[in-house]
Amino acid sequence: GGPASLSRFRGALVAAVLGDCVGGEFEGAEEVPMESVLQHLSSLDDETKGNGILEYSDDTAMARCVVQSLLTRAGFDEQDMARRFAKEYSVSPGRGYGSGVIQVLKKLSSPQLNDVYQPARDQFNGRGSFGNGGAMRAAPFALAFPDPADVKRFARRGAMLTHSCSLGYNGAVLQALAVHLSLQGALDLPQQFISTLIKEMEEVEGNEATRNDARILKEAEKPFCERLHRVRDLMDRSKVSIEEVISELGNGIAALHSVPTAIFCVLHCLQPRECLPEKYGGLERTIAYSLALGGDTDTIACMAGAIAGAHYGIEAIPQLWIKCCEGAEDADMDAERLHMLYHQSSQGG
Ligand code: R7I
Ligand code: MG
Ligand code: MG
């Protein structure tokens, strides 16, 4: 479809859920042989085995809260979103939440709370979390707001409800921007895509809060920019091993070690790759490759899935994969509603 077509919205939201559900199998594994990945994925295609449904984790649980809040409030409402996070956690605490963020979610359910951003600020001795929990649920912001300034602003504030460290919330901004660009068809020109992201993040990271956090955590002055330059270097190389990707970009639970990695997975899988089956299309390649990196596989596949799904559209997603994943059909319906909200806002202003 063309820029911001319904197919792209559906692809983004559904593939994010798939990445989370199929990625859960390998979360935390240090080494994941491609053979195991392909075996896992082909078991989804086997209808005779197919009564097992793969459950979604916190990544999708929180993204669903973001979606429902944006739709119900027809825009960003931090009180409403915070309430939904807290409620979701209290109803289903067993979705695999990060060990730190649980404290925030418990505090957010207190009726005495008057600043919904305060619990996040109290994390990790007042520095806030740099985990990827803000980024893993950032895609819906790109599907609700056509103006990139809104995408950045609201993705940041939505992430800050749990992640007040700039290395956490700037990861959410980067992920939302990547989905935004992909939705416009920007992945047709991969070099320009990565340059645009670098340019955007130069501005996003050009402030005192970022410099301060980066200094304390001993990172480059603009940590995400530096990682995106590494992504660009890896893109330009004809052969890259999984080990190199992991050592250059990471596969961990920090936003800095997973959002640029997810972006790389999408870029690397735009073309057929030797290590991946020929019958796979780009979307399937992206998911499979993300899982083969090991580490935080559900989250990296979820984020890569959202970006890739916005590029390839819903038609690229195997029907049988959708059937196996909890919440995938819901995501498809939500995507349609977000598509309407997005196009309403682009008319209204
Ligand atoms: O970021 P968060 O919501 O976790 C998301 C991850 C995804 O992989 C999900 O799929 C799920 O598995 O969890 O949760 P946080 O608890 O805020 O951060 C995750 C972890 O990152 C923490 O439990 C810490 O181990 C680490 N971390 C930090 N460690 C030291 N100092 C995050 N921030 C800090 C920090 O400032
Ligand atoms: Mg998870
Ligand atoms: Mg994870």
Side-chain angles (χ1 to χ4, degrees), residues 16-30 32 54-66 81-82 84-86 88-89 92-108 117-139 155-156 158-175 209-210 212-219 223 250-259 261-262 265 287 290-291 293-306 325-327:
V17 175
L18 294 191
D20 179 18
C21 291
V22 303
E25 174 82 5
F26 305 105
E27 192 180 18
E30 222 168 275
V32 181
L54 300 170
E55 290 184 1
Y56 62 73
S57 79
D58 57 329
D59 303 49
T60 300
M62 295 195 88
R64 286 163 64 104
C65 295
V66 172
M81 199 172 283
R84 286 172 194 273
F85 289 156
E88 169 61 32
Y89 175 70
S92 304
R95 294 268 187 197
Y97 286 86
S99 55
V101 77
I102 290 170
Q103 298 311 314
V104 180
L105 296 171
K106 286 180 181 160
K107 289 183 192 168
L108 284 178
Y117 292 105
Q118 193 54 46
R121 287 189 206 109
D122 295 340
Q123 293 295 95
F124 299 99
N125 303 315
R127 262 193 291 108
S129 172
F130 54 61
N132 55 19
M136 73 188 183
R137 60 174 194 256
R156 186 185 73 245
M160 286 175 81
L161 290 168
T162 51
H163 291 68
S164 78
C165 177
S166 65
L167 276 89
Y169 62 73
N170 282 341
V173 173
L174 173 56
Q175 167 65 9
T210 300
N212 218 22
D213 290 336
R215 187 173 40 77
I216 292 167
L217 293 163
K218 297 192 166 62
E219 294 292 343
N251 62 0
I253 210 164
L256 188 63
H257 303 152
S258 50
V259 182
T261 311
C265 289
I287 300 276
S290 306
L291 304 194
L293 296 181
D296 195 359
T297 47
D298 66 334
T299 304
I300 294 174
C302 171
M303 296 190 295
C325 295
E326 181 193 11

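FYI, the numbering just counts along the sequence from 1. Counting starts at 1 for both ligands and their atoms, in listed order. If you're wondering where the values come from, they're calculated on a predicted model, not measured in any experiment.
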Looking at [X], which atoms of ligand 1 are within less than 4.0 Å of one of its heavy atoms?
| X | value |
| --- | --- |
| S129 | 15 (P), 17 (O), 18 (O), 32 (C), 33 (N) |
| D296 | 7 (C), 8 (O) |
| R127 | 36 (O) |
| D298 | 10 (O) |
| G133 | 1 (O), 2 (P), 3 (O), 5 (C) |
| G96 | 11 (C), 12 (O) |

*asked:* Checking contacts now, so for atom 33 (N) of ligand 1, which I'm interested in, is there any protein heavy atom under 4.0 Å?
replied: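 Yes, because at least one protein heavy atom sits under 4.0 Å from atom 33 (N) of ligand 1.
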[X] N/O under 3.5 Å from ligand 1 N/O:
| X | value |
| --- | --- |
| F130 | yes |
| Y97 | no |
| V101 | yes |
| G100 | yes |

With a 4.0 Å cut-off on heavy atoms, is [X] touching ligand 1?
| X | value |
| --- | --- |
| E27 | yes |
| H163 | yes |
| S99 | yes |
| G128 | yes |

_Partner of T162 by side chain to side chain donor-acceptor pair (under 3.5 Å), out of R137, Q123, Q103_ =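 It is R137; the other options fail the test.
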Using 0.5 Å steps for rounding, measure from the [atom1] atom of [X] to the [atom2] atom of [Y].
| X | Y | atom1 | atom2 | result |
| --- | --- | --- | --- | --- |
| T210 | Y169 | OG1 | OH | 5.5 Å |
| I253 | E27 | CD1 | CD | 6.5 Å |
| R64 | D58 | CZ | CG | 13.5 Å |
| M303 | D298 | CE | CG | 9.5 Å |

*For R84, salt bridge (charged side-chain N to carboxylate O under 4.0 Å, His left out) partners two or more places apart*: D80
Which heavy-atom pair separates [X] from [Y] by the least distance, and what is that distance?
| X | Y | answer |
| --- | --- | --- |
| R95 | S57 | O-CB, 3.2 Å |
| I300 | N251 | CD1-CA, 3.7 Å |
| A304 | S290 | CB-OG, 3.6 Å |
| D59 | C302 | CB-SG, 4.2 Å |
| G158 | M81 | CA-SD, 4.4 Å |

*Region of D58 that comes within reach of ligand 1 [heavy atoms, distance under 4.0 Å]*: side chain
*Looking only at protein heavy atoms, which one is nearest to atom 22 (C) of ligand 1, and how far off is it?*
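Scanning the protein heavy atoms, the shortest distance from atom 22 (C) of ligand 1 goes to F124 CZ, 3.8 Å.
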_atom 6 (C) of ligand 1: the protein heavy-atom neighbour that sits closest, reported with distance to 0.1 Å_ = N132 OD1, 3.4 Å
*Hey, which of L167, N212, L217 is the one that makes side-chain contact (heavy atoms from CB on, under 4.5 Å) with R127?*
L217
*Which value, rounded to 10°, describes the OD1(D296)-the Mg ion (ligand 3)-OG1(T299) angle?*
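Vertex at the Mg ion (ligand 3): approximately 90°.
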*To the nearest 10 degrees, how large is the angle at the Mg ion (ligand 3) between D298 OD1 and E27 OE2?*
80°
*Can you tell me if S57 has an N, O or S atom under 2.8 Å away from the Mg ion (ligand 2)?*
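Coordinating: yes.
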*So, D20 and the Mg ion (ligand 2): N/O/S under 2.8 Å, yes or no?*
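Within the cut-off used here (under 2.8 Å), D20 places no N, O or S atom near the Mg ion (ligand 2).
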*asked:* Using modelled atom types and a 3.5 Å cut-off, is there a donor and acceptor pairing between side-chain atoms of N132 and backbone atoms of S258?
replied: no
*Any donor-acceptor pair under 3.5 Å linking the side chain of T297 with the backbone of G23?*
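Yes, the answer is positive, given that a donor and an acceptor are paired below the 3.5 Å cut-off.
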*Check each of D59, N125, I253 against atom 19 (C) of ligand 1 and report the one with the nearest heavy atom.*
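Of the listed residues, I253 has the closest heavy atom.
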_Minimum distance, heavy atoms only, to atom 14 (O) of ligand 1: which one of G98, G295, G171 is it?_
G98
*In terms of ring plane angle, is the pair Y89 and Y97 parallel, tilted or perpendicular, where the classes change at 30° and 60°?*
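Judged by the thresholds at 30° and 60°, the geometry between Y89 and Y97 is perpendicular.
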*If the Mg ion (ligand 2) is the vertex, what is the angle to OD1 of D59 and OD1 of D58, rounded to 10 degrees?*
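Approximately 80° at the metal, rounded to tens of degrees.
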